[in-house]
Amino acid sequence: MCGIVGYVGERNAYDILIKGLHRLEYRGYDSAGVALVSPSGTLNVYKAAGKVSNLENYCKDKDTTGGIGIAHTRWATHGEPSDRNAHPHFSEDEEIALVHNGTIENYKVLKDALIQNGCKFQSETDTEVLVQLIEYIRTHNDCTLLEAVKEALRQVVGAYAIAVIEKNRPDTIIAARKSSPLVIGIGDGEMFLASDATPIVEYTKDVVYVKDNEIAVVSKTRPLKLVNLNNEETSVDVKTLELSISQLEKGGYPHFMLKEIFEQPTTLLDCIRGRVVNEGKDIIVSGVLDSKEKFMNAKRIIIVACGTSWHASLIGKYLIQDMCRIPVEVEYASEFRYSNPVLDDRDVVIAVSQSGETADTLAAIQMAHDAGAYVYGISNVVGSSIPRNTDSGTYIHVGPEIGVASTKAFTGQVMVLTLIAMAIAELKGTMPKEDLIKIGEEILKVPDYVRQTLELNEQIERLSLIFTYAHNFLYLGRGYSYPVALEGALKLKEISYIHAEGYPAAEMKHGPIALIDAEMPTVIIAPNDHLYEKIVNNVQQVKARHGSVIAIVTEGDKEIRNIADHVIEVPDVPECLTPIITSIPLQLLSYYIAINKGKNVDMPRNLAKSVTVE
Ligand code: F6R
């Protein structure tokens with residue numbers, strides 16, 4: 001949620017900042033803005049509601065010179081998306097500009113106090129409080145910007161990654177973080193900062209991930225300095241980025257979402273590489289080996305996640321229960337954190353998050369830690385907060401996911417959960433080795449099965465034309481296919497804005513069946529698994545009420561093809577691997593329906609890729 005970027009050096013800051021904002025636009029696109037100190041010493045702030053391209057248009061005839069600047073792309077929390085509420089925010093004397101990703105929870109109290117002291121506000125945002133407070137402290141205590149930022153942050157409750165510049169110090173940016181991500185790139189006589197490494201990667205591979213409660217002094221002339229809120233210097237731990245620019249481009253596809261759907265044979269290969277070895281006979285998940293005792297003795301596993309990651313987690317529940325015979329609960333992180341959960345040191349909590357930055361998931365793992373539970377993380381973004389705040393974990397290694405609707409991360413998460421379940425089952429001896437080997441051998445073929453499934457692209461594109469103008473959709477599945485139904489419905493609603501509900505197929509008769517008529521398409525996920533005969537009945541029930549059925553079935557299916565209106569046949573895989581395969585036609589269906597409706601699939605309205613606020 002919200003992206004920040006900063007630059008100080010000899011180049012033209014504006015060009016670097018705008019390019020960086022485009023890379024971070026997945027984090028929010030309600031408004032964008034930039035602050036630059038010009039060579040003549042003017043602090044210029046330009047902002048525009050809407051996408052970064054609006055800001056670029058606005059800046060066409062403006063002075064965009066200067067070697068230092070900060071910029072922001074916004075996902076609105078406090079105050080509507082407008083020019084006025086866009087960042088950067090100025091201090092009242094227009095000496096300081098600040099950008100912020102996060103939420104200042106006690107902004108009201110601070111704002112009231114500042115107003116009482118004569119301060120005037122321009123926006124409705126929580127962020128403006130921070131810049132006014134910094135300026136108030138700076139002028140009243142006659143201190144440096146660094147000291148003022150430090151003191152202001154001591155008074156602030158909430159989450160932040162901030163970058164601050166002042167008119168009279170055109171060589172230094174002060175940046176800080178707590179619970180919102182911040183990376184600093186170290187170049188030669190120049191430095192960069194951003195919410196993630198994507199705006200930095202083409203300039204330097206040397207990065208520092210700022211930790212909670214650290215303040216960074218980012219200067220073009222001096223080495224990076226980090227201090228904590230108590231003014232103690234902390235160590236600067238330089239890491240090398242493993243990210244390439246080509247991963248951040250569309251590579252000939254019209255949208256990132258389509259590119260990411262089509263990348264899945266490769267991303268799944270990357271995900272299993274080195275983990276499924278010896279021709280499928282052995283599964284090696286180093287995080288599980290490191291946590292061997294914890295998993296062997298776990299009385300319960302609780303998986304916490306949000307959105308698509310929660311759907312992957314539900315599949316993880318079925319996998320771990322089936323294979324390891326350990327009770328598993330799956331919780332929305334946002335509910336779990338406020339549910340006063342009963343936890344102890346025999347619980348293992350697994351946090352699943354593509355970004356590794358989701359605020360609710362981070363809060364849930366903090367809570368689990370405090371209660372003595374062992375915490376395991378499954379993330380995509382290397383160096384993000386969740387891997388850094390868990391006891392052990394596994395990366396899904398699917399590369400940057402830029403389309404706001406998650407696709408390749410979902411299948412990567414399901415794959416990693418499958419491998420984790422298999423690794424635990426092997427340790428606990430809860431599954432015969434020959435069964436594990438059979439699955440291991442099939443996992444090695446998954447990239448090919450996915451490739452084969454992607455050949456359905458044209459069939460699905462044609463099918464999408466029939467359903468583009470439906471107002472509602474129902475998605476049904478049972479067992480492993482139930483979370484796939486939830487995920488299919490989420491994909492459709494988030495990018496096409498069509499109302500869609502995912503449901504366990506057998507629950508339909510307890511209510512949703514009342515919705516079914518000739519206008520209501522039902523997508524039924526019905527691979528050849530142990531519940532197949534049961535779901536055939538559910539298809540019959542929909543047809544008996546004149547509903548139109550799109551069925552995802554296993555190739556060679558005999559029964560459903562005779563009843564359903566449209567059939568999509570996917571390769572035959574073991575039951576536990578079906579979600580990876582059956583979810584792919586659903587990703588394509590939602591993509592094409594949204595495209596037919598002219599929607600922006602990569603940046604759906606109101607959404608952001610990384611949800612770093614509550
Ligand atoms: C939907 C989607 C979201 C995310 C959710 C959690 O396509 O992407 O529902 O899954 O916001 O994000 P992460 O996985 O980053 O914690």
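- Here the side chain of Asn106 pairs a donor or acceptor atom with the backbone of Val157 at under 3.5 angstrom.
- Pro88 places none of its side-chain heavy atoms less than 4.5 Å from the side chain of His100.
- Residues Asp360 and Tyr332 bring no donor and acceptor atom of their side chains to less than 3.5 Å of each other.
- Asp196 and Thr198 share a side-chain donor-acceptor pair at under 3.5 Å.
- With hydrogens and angles left out, the side-chain atoms of Ser464 and Asn596 include a donor and acceptor closer than 3.5 Å.
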Practice problem: Might you work through the side-chain hydrogen bond (donor to acceptor under 3.5 Å, both in side chains) test for Ser385 and Glu357, ending with a clear yes or no? | Solution: CA-CA 6 Å; Ser385 299; Glu357 299 292 350; 2.7 Å; yes
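- Contact check for Ile70 versus Val5: no side-chain heavy atoms found under the 4.5 Å cut-off.
- Taking the ring centre of Tyr497 as origin, the terminal cationic atom of Arg605 falls inside the region bounded by 6.0 Å and 45° from the ring axis.
- When only modelled atom types and interatomic distance are considered, Glu190 and Tyr7 share a side-chain donor-acceptor pair under 3.5 Å.
- Comment: Asp15 does not engage Arg11 in a salt bridge, judged by the lack of any side-chain N to carboxylate O separation of less than 4.0 angstrom.
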Practice problem: Verify side chain to side chain contact (heavy atoms under 4.5 Å, CB included) between Ile96 and Val164, making sure each step is shown before the conclusion. | Solution: CA-CA 7 Å; Ile96 297 176; Val164 198; 3.3 Å; yes
Quiz item: side-chain hydrogen bond (donor to acceptor under 3.5 Å, both in side chains) between Tyr209 and Asp237: does it pass, once the steps are laid out?
Solution: CA-CA 8 Å; Tyr209 294 97; Asp237 183 11; over 6 Å; no
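- The salt bridge (Lys or Arg N to Asp or Glu O under 4.0 Å) contacts involving residues 197-212 comprise Lys19-Glu202, Arg23-Glu202, Arg177-Asp212, Lys211-Glu214, where partners must be two or more places apart or lie in separate chains.
- In this structure, the side chain of Arg74 does not engage the main chain of Gly28 through any donor-acceptor pair within 3.5 Å.
- Residues Val131 and Ile162 fail the side-chain proximity criterion, which asks for heavy atoms closer than 4.5 Å.
- Pairs engaging residues 405-416 under the side chain to side chain donor-acceptor pair (under 3.5 Å) rule: Glu263-Lys408, Gln264-Thr411, Ser309-Gln413, Glu401-Ser406 [sequence neighbours left out].
- Look at Glu147 and Lys150 and you find no salt bridge, because none of the NZ, NE, NH1 or NH2 atoms lies under 4.0 Å from a carboxylate O.
- No side-chain heavy atom of Cys306 sits under 4.5 Å from any side-chain heavy atom of Val611.
- In this structure, His87 and Leu98 have side chains that are not in contact, with every pair of non-hydrogen atoms separated by 4.5 Å or more.
- Side-chain atoms of Lys259 come within 3.5 Å of backbone N or O of Glu249 as a donor-acceptor pair.
- Asn85 contributes a side-chain N or O that, together with a main-chain N or O of Glu80, makes up a donor-acceptor pair within less than 3.5 Å.
- Side chain of His369 to backbone of Val375: no donor-acceptor contact under 3.5 angstrom is found.
- When all heavy atoms of Val8 and Ser219 are compared, the closest pair comes out as CG1-C, 4.0 Å.
- Taking the side chain as every heavy atom from C-beta outward, Cys2 and Arg27 never approach each other to under 4.5 Å.
- Residues Val52 and Tyr29 fail the side-chain proximity criterion, which asks for heavy atoms closer than 4.5 Å.
- A salt bridge does not link Glu128 with Lys111: none of the charged nitrogens is closer than 4.0 Å to a carboxylate oxygen.
- If you check the side chains of Glu487 and Thr308, you find a donor sitting under 3.5 Å from an acceptor.
- A donor atom on one side chain and an acceptor atom on the other are not found under 3.5 Å apart for Asn54 and Lys51.
- Closest heavy-atom contact between Gly20 and Pro199: CA-CB, 3.5 Å.
- For Asn380 (side chain) and Gly399 (main-chain N/O), a donor-acceptor pair under 3.5 Å exists by modelled atom type.
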Quiz item: Would His78 and Tyr107 satisfy ring pair (Phe, Tyr, Trp, His ring centres under 6.0 Å), going step by step from the backbone distance to the final call?
Solution: CA-CA 10 Å; His78 297 66; Tyr107 83 100; 4.9 Å; yes
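- Tyr58 pairs by the ring pair (Phe, Tyr, Trp, His ring centres under 6.0 Å) definition with nothing, not counting sequence neighbours.
- A donor-acceptor contact under 3.5 angstrom links the side chains of Thr172 and Arg222, judged on distance only.
- Contact of the Tyr14 side chain with the Val34 side chain is registered, since non-hydrogen atoms from C-beta on lie closer than 4.5 Å.
- In this structure, a donor-acceptor pair under 3.5 Å is present between the side chains of Asp63 and Thr65.
- Salt-bridge check for Glu501 with Lys493: failed, with every basic side-chain N at 4.0 Å or more from each acidic carboxylate O.
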